[in-house]
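Before any comments, here is the structure.
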There are 2 protein chains.
Amino acid sequence: MSVVRRLAATSTVLLPEHKPPGSRGVILEAALRLFAERGYVGASVREIAEASGVKPATLYAHYPSKEHLLAELCRVGHEEHRRSVRAALLNSGTDPRDQVIAYVRAHVGMHTAFPMLAVVANGELHALSAELGAATFELRRQSEQVLADIVQRGVDRGVFDVPHVWLAVTAIGGMGLRVAYWYTPEYELDAEQVADVYAEYALRILGAAPLNLRRETRGDSS
Amino acid sequence: MSVVRRLAATSTVLLPEHKPPGSRGVILEAALRLFAERGYVGASVREIAEASGVKPATLYAHYPSKEHLLAELCRVGHEEHRRSVRAALLNSGTDPRDQVIAYVRAHVGMHTAFPMLAVVANGELHALSAELGAATFELRRQSEQVLADIVQRGVDRGVFDVPHVWLAVTAIGGMGLRVAYWYTPEYELDAEQVADVYAEYALRILGAAPLNLRRETRGDSS
DNA sequence: ATGTCAAACGAACGTTCGTTAGTAATCTGC
DNA sequence: GCAGATTACTAACGAACGTTCGTTTGACAT
């Protein structure tokens with residue numbers, strides 16, 4: 001057995017709305033857990049089948065190949081990310097600072113709520129062939145671009161002061177990505193608090209000008 | 001072929017001082033490249049041997065198993081990280097702000113100079129058995145603790161103002177980790193500039209009080 | 001009872017995996 | 001130029017891989 005797990009989370013694997021009914025859903029969820037824990041190559045079809053309470057042959061009655069399982073998970077993961085970010089931005093104002101808060105809270109929230117989905121969708125995307133991965137890859141590019149556009153608008157409006165826009169995007173995105181690997185519901189802070197703190201860090205990275213209604217919330221979550 | 005590479009870098013794989021002489025070194029370097037590009041499970045002994053210009057059986061005259069190859073790479077990676085951070089801290093002052101700059105510059109510098117080593121040492125560590133991975137895992141824990149201690153000292157001295165110490169450590173560490181995946185020498189900024197910008201972002205995350213000699217360097221690298 | 005159909009099955013396919021035994025080639029020190 | 005050690009080789013091992021084949025099962029409609 002390994003000395004260190006690939007990710008800390010162990011439960012809440014797949015949302016009901018992402019999970020197909022019947023065996024399809026059971027198999028997909030088992031694949032998600034095993035891909036997250038052992039990686040795509042390290043998880044065998046036989047293990048996935050056994051974890052689903054099904055024989056390996058049955059798996060191929062529901063999915064044409066192991067790779068299609070991964071493709072489905074990557075697609076679901078990135079679509080949930082986009083859905084979550086879009087909903088958050090629709091509920092935020094036009095101020096780039098509010099939008100950054102909304103984006104980072106949604107971004108981090110996705111990685112705390114569905115850590116396995118996030119780990120697989122981001123960390124195993126490279127295992128997909130060009131044909132099966134192209135659509136998902138485009139989704140990821142768009143999500144990055146959304147944040148980049150927000151940051152750029154903030155710089156143009158003078159509310160952000162940042163040495164380098166794209167490096168700020170990679171920094172903010174990167175620190176959020178890592179959350180999926182260490183967060184568990186047993187952590188001393190709940191997901192909401194982690195998201196709030198990371199949103200504050202993002203604003204600090206961006207050198208955000210103080211927002212009258214927000215600044216006093218800075219130190220209240222330690 | 002995949003639509004997206006696992007990491008962007010393709011060269012400068014292993015430092016001479018990390019590379020054993022003769023075939024041992026050639027094999028280790030080939031293993032590093034293949035582990036970084038395809039993952040530990042995804043890279044086969046036959047591929048590593050072929051990339052080394054050697055037959056599979058020869059590999060076992062130099063390393064007792066495939067896992068020992070990974071263990072060696074994880075160890076080298078984390079020891080280079082510790083060496084780099086230690087050297088940087090010895091050349092920095094006692095002010096926690098200087099120490100954070102030193103740490104982040106070394107941290108990011110390691111991930112730009114040896115992206116493959118960083119990707120393997122961090123991203124494949126979980127594939128090691130408890131026996132082979134314990135020492136390296138302890139190295140990683142110590143490196144994290146070094147940063148945590150610096151941040152805590154800064155908070156105690158009143159030069160940092162941060163909502164949550166450990167979340168700041170994960171954020172700073174996480175954004176640096178991700179650099180190994182996207183940085184290439186062809187990037188618009190060189191490694192030094194990336195490290196400088198990330199060091200600035202780290203200070204911002206920590207809400208660092210202005211340092212007289214430093215503050216005017218904030219916007220000069222965009 | 002009989003026919004239909006989706007779902008699951010046992011068994012096996014050819015391939016690749018990490019690894020090893022035994023042997024030939026090459027270098028080192030005298 | 002020979003002995004001993006090192007290095008690399010050919011060939012093969014058992015196990016596991018993703019996948020497919022032909023069949024059986026169980027529920028429901030005729």
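Below, read A as the first sequence line, B as the second, and so on, with proteins coming before strands; counting in each chain starts at 1.
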Taking [atom1] from [X] and [atom2] from [N], how many angstroms apart are they, rounded to a whole number?
X	N	atom1	atom2	value
E50(A)	dA16(D)	CD	P	13 Å
L69(A)	dT19(D)	CG	C1'	13 Å
L59(B)	dT7(D)	CG	P	14 Å
Y63(B)	dT19(C)	OH	P	15 Å
E67(A)	dG18(D)	CD	C1'	12 Å
L34(B)	dT16(C)	CG	P	17 Å
I27(B)	dG18(C)	CD1	P	14 Å
R46(B)	dA8(D)	CZ	P	18 Å

(Q) On the nucleotide dT16(C), are OP1 or OP2 found under 4.0 Å from the side-chain N or O atoms that S44(B) carries? (A)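 Looking at the OP1 and OP2 atoms of dT16(C), neither is under 4.0 Å from any side-chain N or O of S44(B).
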Short side-chain N/O contact from Y60(B) to OP1 or OP2 of dT19(C), under 4.0 Å: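 Affirmative; the distance criterion is met.
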Can you tabulate the close N/O pairs, meaning under 3.5 Å, that link protein atoms to atoms of nucleotides 5-8 of chain C?
| unit_1 | atom_1 | unit_2 | atom_2 | d |
| --- | --- | --- | --- | --- |
| dA8(C) | OP1 | S23(A) | OG | 2.7 |
| dA8(C) | OP2 | H62(A) | NE2 | 2.7 |

Requested in this report: Taking only the side-chain heavy atoms of A57(B) (C-beta and beyond), determine which of dT19(C), dA11(C), dC9(D) contains the nearest atom.
Outcome: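 Given the options dT19(C), dA11(C), dC9(D), the side chain of A57(B) is closest to dC9(D).
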**Report entry** Side chain of S65(A) - closest among dC9(C), dT19(D), dT20(C)
**Finding:**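 The listed nucleotide nearest to S65(A)'s side chain is dT19(D).
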query: In terms of the angle between their ring planes, are H81(B) and H111(B) parallel, tilted or perpendicular, with boundaries placed at 30° and 60°?
result: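 H81(B) and H111(B): perpendicular rings.
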Report which part of the nucleic acid A49(A) touches: base, sugar-phosphate, or nothing (heavy-atom distance under 4.0 Å, all strands).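 Counting heavy atoms under 4.0 Å across all strands, no contact is made by A49(A).
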Polar side chain donor-acceptor pair, [X] to [Y], under 3.5 angstrom:
X	Y	result
E131(A)	S129(A)	no
Y198(A)	T170(B)	yes
H68(A)	S65(A)	yes

Report task. In plain terms, say whether R83(B) and E79(B) are close enough for a salt bridge, that is, a side-chain N and a carboxylate O under 4.0 Å apart. Result ->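 A salt bridge is absent here (no side-chain N lies under 4.0 Å from a carboxylate O).
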Is any side-chain N of the basic residue among E144(B) and R178(A) closer than 4.0 Å to the acidic one's carboxylate O?
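Salt bridge absent between E144(B) and R178(A).
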Next on the checklist: Let me spell it out: for each of P64(A) and E47(A), pick the nucleotide of DNA chain D with the closest heavy atom. Which residue's pick is nearer the 5' end?
Outcome noted: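 Counting from the 5' end, the first nearest nucleotide belongs to E47(A).
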Would you say CZ of R5(A) has more than 12 non-hydrogen atoms from neighbouring residues, nucleotides or ligands within 6.0 angstrom?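 Count over threshold, so yes.
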